[in-house]
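Notes for the one structure printed next.
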Amino acid sequence: MSDRRVRVRFAPSPTGTLHIGGVRTALYNYLFAHKLGGDFILRIEDTDQNRFVPGAEAYIMEALNWLGINPTESPIHGGPHAPYRQSERKEMYRAYAEQLLQSGHAYYAFDTPEELEDMRTKLTAAKVASPQYNAVTRNSMKNSVTLSEDDVKRRLDAGEPYVIRMKLPRQEEVRFHDIIRGWILVQTQNMDDKVLFKSDGMPTYHLANVVDDYLMKITHVIRGEEWLPSAPLHVLLYRYLGWEEVMPQFAHLPLILKPDGNGKLSKRDGDRLGFPVAPLNWKDPLTGDTTSGYREKGYYPEAVLNFLCMLGWNPGTTQEMFSLEELIEQFSLERVSKAGAKFDFEKAKWFNHQYLLKHSDSELASEFMPLVQAAGFDRSMEYVTTVVSLVKERANFVNDFMEHARFFFEAPSSWDEATLGKKWKPETQGILEGWRDALINTDDYSAAALEAASKAYLESIGVGIGQVLQAFRILITGLPAGPSMFEVCALLGKEEVGARFSKALEFTQSRFA
RNA sequence: GGCCCGUUCAUCUAGGGGUUAGGAUACAAGAUUUUCAUUCUUGGUACAGGGGUUCGAUUCCCCUACGGGCUACCA
């Protein structure tokens, strides 16, 4: 067992978007596999035909690809254990259910949904602590434990719908080791005879999962904590199938919780709180519901990975910024924390800002250029590069650039009157008109020269720059804050500065005179 | 309700029998930028509660509280 090649799998159901918690599970699997030189497998768990959503599988593939954590084996990459969709493996599960039937660890059950409902309501009414289909109650239900062999055969031959249930011992302790949580003990009296094989001929998660992990030679099962309660069942399945020797090791990850209130993070929280909980935009083809994604919001995949990884894991040092390569090198399941983590959207933005700042101005300009063009502006790459260098500090996303930089592309159509009014004094109009003239008469349009010319002018009339700088800014950009005004004017050029000045001064004249 | 898992600053977390309980984000103050942002400095707030064990518990054990997950012919 210990010398087996490490093989892990990410096994989502194609029921909609990939939730951000699922992305983290995929990431941890990926990191673990690469750290140990093993294989990372994507298996699509689509045994529930009712929940199948077209496009969901492609979405998962695209998301993993965007993040750069591609599997080595998958439905589209193929691999030695294909197929990797459970619906296409349907025929394989039957034999294992039969094996369990043979060895007495499973039985046929013919109960209708109404009968099951009945059983549960009766037990609840009788104040039974946990109503379940188990070693006690199965004796009063319609199954191959209570029915005669002939009766069972007759029903099967007649094509009566049935399921195959696991036959759990009445009282037995199941213990297994979880890499993150240590030893877990559960009594079979608290578990029930789970359905392994559904009446539609499909296995349930439990059977399919164990069979596939065995067949695909999975060595470590790294999955969300929501699976912890059924892990003992899986352990028993390995035992009854005779595979205990090669049973994978388990690692149940803590959940990602809502930033406010209680409960695990859900798709709805994203819309409610205004941040994405999915990697990519998604529109449900059935309901038409849309979910926004990190990619479209403007996040870098590296930032998402970095942020997600730190939610529930840490390297034991103070390092926070990690490349994928560094994560692979440093990751270990032992350092995954046990408690659920509340999602911190502010920190996610901070991470993106850090990654944004790591890009060079020319890289950022290339990223920003399509948005510039989409807004209908035609500027050189050189111009855009300078713009980007002036606004990048105050943006978390390239998508935010335009909001800070619009005035570099077109003259303001309005001016921040509230702020202007506060700063405005009777003499302001004259001071600014003089400033305009000074700048119009300057030929050297470097930021340094403009600063020198401006200061010389203001000094000559005995005015401190602080008294009029903000008004100046608003006249040129429309906004009360932004990059250095001398840099702004240098980039805009004499003609544009003069034009903006004149137009704005007309406005202030009529507005404040 | 039952079963299982968990609980260190507002949030993510480090630490793990003897520490001024550390870092990051957020927040606040100051410096720089005569703007904003960046950057720098500083600041405040945390071991859920109660019992043990121990010379000594945030750290180990038990109980309680709280939080979370599961409790389907869903995964």
Side-chain angles (χ1 to χ4, degrees), chain A residues 11-15 45-51 86 109 111-113 116-117 120 124 127-133 161-165 178 180-182 184-187 189-192 194-206 208-209 223-232 252 254-255 257-260 262-264 307 310-321 335 337-351 353 357 390-396 404 419 423 464-474 477 479-485:
Chain A
S13 292
T15 56
E45 309 227 325
D46 55 351
T47 53
D48 184 2
Q49 258 117 16
N50 302 319
R51 295 214 308 161
Q86 289 185 329
D111 315 281
T112 64
L116 288 171
E117 177 95 3
R120 288 183 187 119
T124 308
K127 299 267 195 283
V128 171
S130 52
Q132 41 186 220
Y133 204 122
Y162 67 90
V163 299
I164 297 174
R165 282 182 182 273
D178 184 280
I180 295 169
R181 286 152 211 286
I184 310 272
L185 301 179
V186 183
Q187 307 295 330
Q189 57 198 295
N190 294 320
M191 299 163 59
D192 58 5
K194 284 277 183 251
V195 170
L196 298 177
F197 212 82
K198 300 185 273 190
S199 57
D200 66 359
M202 276 291 207
T204 58
Y205 171 86
H206 306 293
N209 185 262
R223 71 216 321 181
E225 191 183 357
E226 69 267 30
W227 292 111
L228 198 51
S230 45
H252 288 92
L255 267 13
L257 277 14
K258 296 177 198 294
D260 63 338
N262 313 317
K264 68 173 171 178
F307 165 68
M310 302 305 285
L311 216 50
W313 173 85
N314 74 83
T317 66
T318 56
Q319 183 178 355
E320 286 202 289
M321 299 289 291
R335 292 203 65 91
S337 46
K338 298 182 179 71
K342 282 189 179 168
F343 190 89
D344 184 357
F345 188 52
E346 288 304 322
K347 190 108 184 217
K349 285 197 285 198
W350 178 82
F351 268 108
H353 188 235
L357 260 21
L390 294 174
V391 302
K392 65 176 180 183
E393 292 289 358
R394 61 208 86 221
N396 288 324
H404 298 280
T419 309
K423 300 277 172 182
I465 192 170
Q467 295 168 45
V468 286
L469 183 71
Q470 196 173 28
F472 171 48
R473 173 185 298 286
I474 292 172
T477 69
L479 305 173
S484 158
M485 279 312 291

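Letters A, B, ... are given to chains in the order of the sequence lines, protein chains preceding strands, and every chain is numbered from 1.
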Next on the checklist: Please compare A:P254 and A:A395 by the position of their nearest nucleotide in RNA chain B and report the one closer to 5'.
Outcome noted: A:P254

Next on the checklist: Of the listed nucleotides (B:U25, B:C5, B:G1), which one gets closest to any side-chain atom of A:S130?
Outcome noted: B:G1

Checklist entry - Just how far, in rounded Å, is C1' of B:U11 from CD of A:E320? => result 12 Å

Item to check | A:S337 side-chain proximity, nearest of B:U13, B:U25, B:G69 | outcome: B:U13

Next on the checklist: If the cut-off is 4.0 Å, is A:K194 near the phosphate of B:A75, judged by side-chain N/O to OP1 or OP2?
Outcome noted: no

Checklist entry - Would you say A:D111's side chain and A:L116's backbone share a donor-acceptor pair under 3.5 angstrom? => result no

Item to check | Nucleotide opposite B:A21 in a Watson-Crick or G-U pair, distances under 3.5 Å | outcome: none

Item to check | Protein-nucleotide distance (A:L255, atom CG; B:C4, atom P), rounded to Å | outcome: 18 Å

Item to check | Closest listed nucleotide, where the reference is the side chain of A:V186 and the choices are B:C4, B:U11, B:G23 | outcome: B:C4

Next on the checklist: Which nucleotide, if any, forms a Watson-Crick or G-U wobble pair with B:A46, using both distances under 3.5 Å?
Outcome noted: none

Checklist entry - Tell me: CD of A:E393 to P of B:C40, nearest whole Å? => result 11 Å

Next on the checklist: Side chain of A:W350, heavy atoms from C-beta onward: which of B:A26, B:C5, B:U7 has the nearest atom to it?
Outcome noted: B:A26

Next on the checklist: Please name the nucleotide paired to B:U32 by Watson-Crick or G-U wobble geometry with both distances under 3.5 Å, or report none.
Outcome noted: none

Checklist entry - With respect to the phosphate group of B:C74, does any side-chain polar atom (N or O) of A:K198 fall under 4.0 Å of OP1 or OP2? => result yes

Checklist outcome for this item: Of B:C5, B:C73, B:G23, the nucleotide closest to the side chain of A:V195 is B:C73

Item to check | salt bridge (Lys or Arg N to Asp or Glu O under 4.0 Å) assessment of A:E225 paired with A:K264 | outcome: CA-CA 11 Å; A:E225 191 183 357; A:K264 68 173 171 178; over 6 Å; no

Item to check | Rounded distance (Å) that lies between atom P of B:C70 and atom OH of A:Y205 | outcome: 13 Å

Next on the checklist: Walk me through whether A:E346 and A:K349 qualify under salt bridge (Lys or Arg N to Asp or Glu O under 4.0 Å).
Outcome noted: CA-CA 5 Å; A:E346 288 304 322; A:K349 285 197 285 198; 3.6 Å; yes

Checklist outcome for this item: Quick note, A:I184 side chain, CB onward, closest among B:C5, B:G2, B:U35 is B:C5

Checklist outcome for this item: As its Watson-Crick or G-U partner within any shown strand, both distances under 3.5 Å, B:G67 has B:C5

Next on the checklist: Counting the atoms with a prime plus P, OP1 and OP2 as sugar-phosphate, which does A:R51 contact under 4.0 Å by heavy atoms, base, sugar-phosphate, or nothing?
Outcome noted: base

Checklist outcome for this item: Of B:U13, B:C5, B:A75, the nucleotide closest to the side chain of A:N314 is B:U13

